[in-house]
Amino acid sequence: MTEHETHPTAERDRAHEEAGLDRPQPAVGDQHAAQENGVQVSTDGTAAAAPEAAIPELVIISGMSGAGRSTAAKCLEDLGWFVVDNLPPALIPTMVELGARSQGNVARIAVVVDVRGRRFFDNLRESLADLDTRGVTRRIVFLESSDEALVRRFESVRRPHPLQGDGRIVDGIAAERELLRELRGDADLVIDTSSLNVHELRAKMDAQFAGEEEPELRATVMSFGFKYGLPVDADLVADMRFLPNPHWVPELRPYSGLNEEVAAYVFNQPGAKEFLDRYAELLRLIAAGYRREGKRYVTIAIGCTGGKHRSVAMSEKLAARLAAEGVETVIVHRDMGRE
């Protein structure tokens, strides 16, 4: 295009201005399309400023392979963090941006970055600099461990080190240490797991990230019938077959333990209310220990012969008792309606 030639759109706009007309406005469909793509179009055709998004808090988990990165990530996940494992470092700013667009639904993000990323790992420093310019609050947690402990762990699971290639495990560990040396120096928190077990590592993570609130315990209360087998995922099992069976009361047989008359029959039996009180007290003691040991989920199975009457009634009462004490509780009646 020469200096005397004019672009057709520019020539049309100049003609409109000379005629005293405004420039053409985007069509309604174009405005909708722009809005759907994250751009608010004002009446003058310019892009209006988008509302400021809340930038999520970010934790980057890294460190030596076998030092407990997965355990640390699961701990943060149990504390309500959105966890992404083995995300290429170049995509971390994108992940934070997506979190900012979630309208507060993703307020805390944890990203596990390690040598499995291979060629992507070199991009980490550039991504960290990008996050700093955006004002993102970030912390780096580095999991460390001695060579002896790492060799022992890899040998126990009979898996090769991701960087050992055709060499020995110690060769892979040495290569990884050299690759992560600079990142370790930049870490905000270094945890040496050489002499820590899983529970002790979770306790350290809780101390750093749980804040003043004690991590929640989430309970599933499941009724079941012994004739259909024990629940394989049960942590605790209680047997309600010491109570008379409503199945042998003709007017109660068609109904389940959700029926008020069936529940009243069950809890009017000797020992039913006392069992509920004492078992709830026992669960308070167990729950405190579970929290100390880093266990966040518990399944409590309540059984009777068919899983229809006694176990259902007791599960409902027990779940209500736990919920009243602040335990997040889910009720599952595994075998009700199965007969």
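Distance check: Lys308 NZ to Leu258 CG gives 11.0 Å after rounding to the nearest 0.5 Å. Taking CD of Gln164 as the reference point, atom CD1 of Ile169 lies at 5.5 Å (rounded to 0.5 Å). Taking OG of Ser195 as the start and CD of Glu200 as the end, the distance is 7.0 Å to the nearest 0.5 Å. Interatomic distance, Leu76 CG to Gln208 CD, rounded to the nearest 0.5 Å: 10.5 Å. Rounded to the nearest 0.5 Å, atoms CG (Leu243) and CZ (Arg241) are 12.0 Å apart. The CZ atom of Arg321 lies 4.0 Å from the CG atom of Leu276; values are rounded to the nearest 0.5 Å.
Side-chain contact between Ile60 and Leu128: present, with at least one pair of heavy atoms (C-beta onward) separated by less than 4.5 Å. In this structure, the side chains of Leu283 and Leu318 come closer than 4.5 Å at one or more pairs of heavy atoms. For the pair Arg139 and Leu189, the minimum side-chain heavy-atom distance is 4.5 Å or more.
Shown here for Val96 and Val136, the closest heavy-atom pair between the two residues is CG1-CG2, 4.0 Å. Contact between Asp192 and Ser145 at its shortest, heavy atoms only, is OD1-CA, 3.7 Å. The minimum heavy-atom distance linking Arg108 with Leu79 is given by the pair NH2-O, 2.7 Å. Nearest approach of Val113 to Leu87, heavy atoms of both residues: CG2-O, 4.0 Å.
Hydrophobic clustering keeps Met240 apart from Val332 (ILVMFWY residues linked when any side-chain heavy atoms are closer than 4.5 Å, directly or through intermediates). Hydrophobic clustering (ILVMFWY, side-chain heavy atoms < 4.5 Å, transitive): Leu179 and Ile173 are in one cluster. One hydrophobic cluster, built from ILVMFWY side chains closer than 4.5 Å, cannot hold both Met314 and Leu230; they sit in different ones.
At a cut-off of 3.5 Å, with distance as the only test, no side-chain donor of Ser62 or Arg184 sits close to an acceptor on the other residue. Between the side chains of Ser65 and Glu176, a donor-acceptor pair is found at a separation under 3.5 Å.
Salt bridge Glu57/Arg138: absent, no basic N to carboxylate O contact under 4.0 Å. Under the 4.0 Å criterion applied to side-chain N and carboxylate O atoms, Glu148 and Arg153 are not assigned as salt-bridge partners. Of the charged side-chain nitrogens involved, at least one lies within less than 4.0 Å of a carboxylate oxygen, so that Asp78 and Arg202 count as a salt-bridged pair. With salt bridges taken as basic N to acidic carboxylate O contacts below 4.0 Å, none links Asp335 and Lys227. Ion pairing between a basic and an acidic side chain is recognised when a charged N comes within 4.0 Å of a carboxylate O; Lys74 and Glu77 show no such pairing.
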Requested in this report: List the steps, then state whether side-chain contact (heavy atoms from CB on, under 4.5 Å) holds for Tyr297 with Thr220.
Outcome: CA-CA 8 Å; Tyr297 302 92; Thr220 297; over 6 Å; no

- Message: Before you tell me yes or no, could you show the steps for Phe275 and Phe242 under ring pair (Phe, Tyr, Trp, His ring centres under 6.0 Å), namely the whole-Å CA-CA distance, both residues' side-chain angles and the distance that decides it to 0.1 Å?
- Response: CA-CA 10 Å; Phe275 171 85; Phe242 72 94; 5.8 Å; yes

Check the pair Arg310, Thr305 against side chain to side chain donor-acceptor pair (under 3.5 Å), reporting the backbone distance first and the verdict last. CA-CA 9 Å; Arg310 295 163 289 180; Thr305 303; 3.0 Å; yes

Salt bridge (Lys or Arg N to Asp or Glu O under 4.0 Å) between Glu281 and Arg278, intermediate numbers included
CA-CA 5 Å; Glu281 184 178 354; Arg278 293 193 178 186; over 6 Å; no

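Annotation for Glu251: atom CD counts as buried by contact number, over 12 foreign heavy atoms lying within 6.0 Å. The 12-atom threshold is exceeded at CD of Glu325, counting heavy atoms of other residues, nucleotides or ligands nearer than 6.0 Å. Remark: Arg159 CZ is loosely packed, at most 12 non-hydrogen atoms of other residues, nucleotides or ligands lying under 6.0 Å away.
Between Tyr228 and Phe226, the distance separating the two ring centers is not shorter than 6.0 angstrom.
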